[in-house]
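One structure below.
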Amino acid sequence: MTRPVRALRLWFSQGWPSGDQMNPAGWRDCFVQAQLGIRSLYAFQALVALFILPNWENLLSREGFVPLWPVAWMESTPEIASRSLILALFFLGSLVAAIHPVPRWIRALAFLGLFAYMAWHNSFGKIGHGLHVLLFIQFLLVWLPVGWNRHPAQTKRPVHLATLFLFWCAQGVPLLAYSMAGLIKLGCGVYQLAAGQASVFGPEALPRHIADRLIQTGESAPLAHWVIEFPWLFMPMMWVTLYLEFFAFWALFQPAIRKMFVVGLIAFHLGSFLTMGILFAHNMFLLILLFLVFPACRCGNPGLKATAKQLPLVGRIFKRI
Amino acid sequence: MGKLNQARWIGASTLAVMFIIGETALLNPKGNYEWFPFYSWSMFALVPDVERNYLVKVSRTEAPPVDFRNAGAHVRNPKHLEAYHLIQRWGRSVESKDLSRAEELRQAFEQRYLLPGIRYRLYARAEDPLTLWKEKTGKQQANATPEPLDSWRTVKSAPNLMERTP
């Protein structure tokens with residue numbers, strides 16, 4: 001293996017508890033946390049399904065169906081039967097997986113139920129993105145190895161590591177989504193700057209987004225007026241958000257800064273709610289669950305300065321201090 | 001294949017596919033930047049500038065017309081984001097002369113959001129969001145007057161089922 005490839009491989013492997021860098025007790029702790037995290041993810045999906053239950057009748061009578069490809073077959077089947085089938089699959093699949101997510105077919109059922117529900121629910125002219133992250137996570141969890149649920153002492157190291165790796169990839173799903181959002185914002189920002197338009201780098205970016213959004217919805221938000229009136233005060237918020245989003249996936253490979261990034265992203269969601277009335281509650285909950293409650297990673301407590309040194313780009317400044 | 005290798009392969013491929021197809025979805029000709037369930041996550045990517053947008057004014061007979069979003073009890077779900085996007089798509093279809101699509105969207109809007117007896121009309125205007133906000137909060141008058149794109153229409157009353165009963 002050439003030196004650059006080896007260096008790259010080392011860098012990419014430093015974020016997940018490979019076992020090589022930890023004592024067995026360490027990775028067993030992480031394994032138990034991952035097990036609890038996985039069960040909690042199924043409990044969360046069941047909660048999402050339970051919340052739609054009171055709307056069951058309204059969902060069955062929704063109008064303006066324009067099917068997405070996974071539910072195109074619904075056009076040639078009786079409406080009430082196909083809608084009932086999808087809702088039942090989502091509800092039962094989620095509930096059974098929350099109770100007993102051990103056999104792969106049950107986890108596959110939970111994934112299929114969520115996929116079918118999302119495809120149908122978003123087939124009415126507008127696609128919402130609150131559950132996309134959960135869908136990709138559930139896809140990954142279908143492939144958990146046999147024995148993932150057993151006591152660490154009863155299973156072998158490859159099962160621990162395979163479970164931990166898939167859980168680590170599941171943690172990567174929301175972070176990758178944020179990085180993709182950051183990448184596109186950055187690209188559009190450069191384009192708009194070059195075109196002489198208001199861009200993400202200027203003070204008007206946040207006020208314009210807020211005004212545009214609130215005109216669309218006709219709603220109001222507690223901090224909207226302040227941001228629009230005093231754009232300079234809030235400009236750093238936009239830059240910090242861009243930084244957090246763009247480098248979110250990087251944080252997956254840097255355990256020490258992961259928590260800092262996740263807290264920052266949660267603050268960003270709260271800010272979006274206070275300024276635009278957008279609450280990405282599902283994503284916030286997933287961040288809390290995957291990184292703060294069950295991080296499945298022995299990140300330790302390296303201290304603020306050591307953490308700051310690992311920050312992408314600005315970490316170099318702290319290294320010199 | 002060992003369990004760990006299988007997990008590595010599935011995990012890394014899923015993330016790679018999510019990224020590659022998600023970013024490729026930016027090229028989707030429909031302009032919605034996604035191929036369900038893959039999404040580019042292009043949320044709030046472009047900072048809104050002066051742009052052409054569409055609104056619907058509604059009125060009861062004789063009453064002065066008001067913006068659909070402020071029509072309160074005369075319409076259904078006036079602040080629904082789906083309604084806003086439906087109006088935008090309807091407006092764009094009218095201006096691009098895609099009349100069959102425009103008619104489809106108009107009917108969908110009428111069925112979902114308007115009540116029988118209501119008059120309505122589609123307008124367009126080009127305005128900066130900050131100006132629109134100032135207009136909304138009463139700090140500034142809009143520079144551009146909305147231009148009508150359609151004639152006034154009236155939502156037909158629902159058939160009275162009681163009258164049909166023998």
Side-chain angles (χ1 to χ4, degrees), chain A residues 63-64 68-70 115 118-119 122 124-127 129 132 135-136 139-140 143-146 158-159 161-163 165-166 168-170 172-173 176-178 180-181 183-185 187-189 191-192 197-200 202 204-205 207-219 225 228, chain B residues 2-12 14-15 17-19 22-23 26 32-51 53 67-70 78-86 88-89 105 108 111-112 127-137:
Chain A
E63 287 173 6
L68 290 170
W69 69 267
F115 182 54
M118 281 175 64
N122 290 312
F124 293 86
K126 184 180 174 294
I127 300 180
H129 302 99
H132 276 57
L135 182 74
F136 281 94
F139 174 77
L140 284 168
W143 306 101
L144 286 169
V146 175
V159 174
L161 295 182
T163 306
F165 190 83
L166 284 171
W168 180 73
C169 288
V173 171
L176 180 61
Y178 287 111
M180 288 168 73
L183 179 69
I184 291 173
K185 277 196 186 91
C188 288
Y191 165 78
Q192 288 194 300
Q197 298 172 2
S199 78
V200 72
E204 279 195 352
R208 280 174 180 276
H209 276 307
I210 293 170
D212 192 47
R213 173 74 184 190
L214 296 182
I215 286 160
Q216 286 180 22
T217 57
E219 302 280 353
H225 174 77
I228 293 172
Chain B
K3 282 180 178 165
L4 182 56
N5 277 346
Q6 189 191 31
R8 275 181 173 157
W9 191 85
I10 290 168
T14 304
L15 293 176
V17 167
M18 183 183 153
F19 177 77
E23 294 297 355
L26 285 168
N32 53 1
Y33 310 129
E34 60 192 307
W35 276 312
F36 182 83
F38 299 97
Y39 181 44
S40 59
W41 296 97
S42 56
M43 287 173 167
F44 303 101
L46 279 169
V47 175
D49 213 317
V50 176
E51 51 193 46
N53 65 27
D67 190 327
F68 164 74
R69 284 163 295 179
N70 303 322
K79 297 190 172 173
H80 208 289
L81 200 53
E82 215 167 84
Y84 175 85
H85 287 295
L86 192 55
Q88 301 312 304
R89 295 211 311 270
L105 292 164
Q111 280 168 15
R112 281 188 221 171
E127 198 62 273
D128 174 279
L130 287 174
T131 312
L132 287 175
W133 172 268
K134 284 173 187 161
E135 179 203 334
K136 188 185 165 190
T137 50

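In this pair, Phe165(A) and Trp168(A) present their aromatic rings tilted. The plane angle is within the 30 to 60° band. Under the 30°/60° scheme for interplanar angles, the aromatic rings of His132(A) and Trp41(B) are found to stand perpendicular. Using the six-membered ring where Trp is involved, His129(A) and Tyr39(B) have ring planes that are parallel, under 30° apart on the 30 and 60° scheme.
Every residue was checked against the salt bridge (Lys or Arg N to Asp or Glu O under 4.0 Å) condition with Asp212(A), not counting sequence neighbours, and none meets it. Every residue two or more places apart in sequence or in another chain that forms a side chain to side chain donor-acceptor pair (under 3.5 Å) with Tyr178(A) is listed here: His269(A).
The residue among Met180(A), Lys185(A), Lys126(A) with the most heavy atom pairs within less than 4.5 Å of chain B is Met180(A). No other option in Asp128(B), Leu26(B), Asn70(B) has as many heavy-atom pairs under 4.5 Å with chain A as Asp128(B). Top candidate by heavy-atom pairs under 4.5 Å with chain B, chosen from Asn122(A), Leu68(A), Ile210(A), is Leu68(A). Taking chain A as the reference chain and counting heavy-atom pairs below 4.5 Å, the highest number among Ser42(B), Gly22(B), Ser40(B), Ala108(B) is found for Ser40(B). Across Pro158(A), Ala119(A), Pro145(A), Gly172(A), the residue that shares the most heavy-atom pairs under 4.5 angstrom with chain B is Ala119(A). Across Val47(B), Asp67(B), Thr14(B), the residue that shares the most heavy-atom pairs under 4.5 angstrom with chain A is Val47(B). Considering only heavy-atom pairs separated by less than 4.5 Å from chain B, the leading option among Val200(A), Val173(A), Leu144(A) is Val173(A). Ranked by non-hydrogen atom pairs under 4.5 Å with chain A, the options Gln111(B), His80(B), Arg112(B), His85(B) are led by Arg112(B). Among Phe115(A), Phe136(A), Trp69(A), the residue making the largest number of heavy-atom pairs under 4.5 Å with chain B is Phe136(A).
Note that the CG atom of Leu166(A) and the NZ atom of Lys3(B) stand 12.0 Å from one another [nearest 0.5 Å]. The distance from the CE atom of Met43(B) to the NE2 atom of His209(A) is 12.5 Å, given to the nearest 0.5 Å. Separating the CH2 atom in Trp9(B) from the CH2 atom in Trp143(A) is a distance of 9.0 Å, to the nearest 0.5 Å.
When heavy atoms are compared at a cutoff of 4.5 Å, Leu86(B) does not approach chain A at all. For Leu135(A), the part lying near chain B is the side chain, with the backbone staying farther off; criterion is any non-hydrogen pair under 4.5 Å. Contact of Ser199(A) with chain B is made through the backbone alone, with heavy-atom distances under 4.5 Å. Of the atoms belonging to Ala83(B), not a single heavy atom falls under 4.5 Å from chain A. Of the atoms belonging to Gln88(B), not a single heavy atom falls under 4.5 Å from chain A. Proximity to chain B is limited to the side chain of Gln192(A), based on heavy atoms less than 4.5 angstrom apart.
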**Message:** I'd like to know whether Ile184(A) forms a side chain to side chain contact (heavy atoms under 4.5 Å, CB included) with Glu23(B), so could you lay out the CA-CA distance, the side-chain angles of the two residues, the decisive distance to 0.1 Å, and finally the verdict.
**Reply:** CA-CA 9 Å; Ile184(A) 291 173; Glu23(B) 294 297 355; 3.6 Å; yes

**Request:** Check step by step if side chain to side chain contact (heavy atoms under 4.5 Å, CB included) holds for Leu214(A) and Trp133(B).
**Result:** CA-CA 8 Å; Leu214(A) 296 182; Trp133(B) 172 268; 3.6 Å; yes

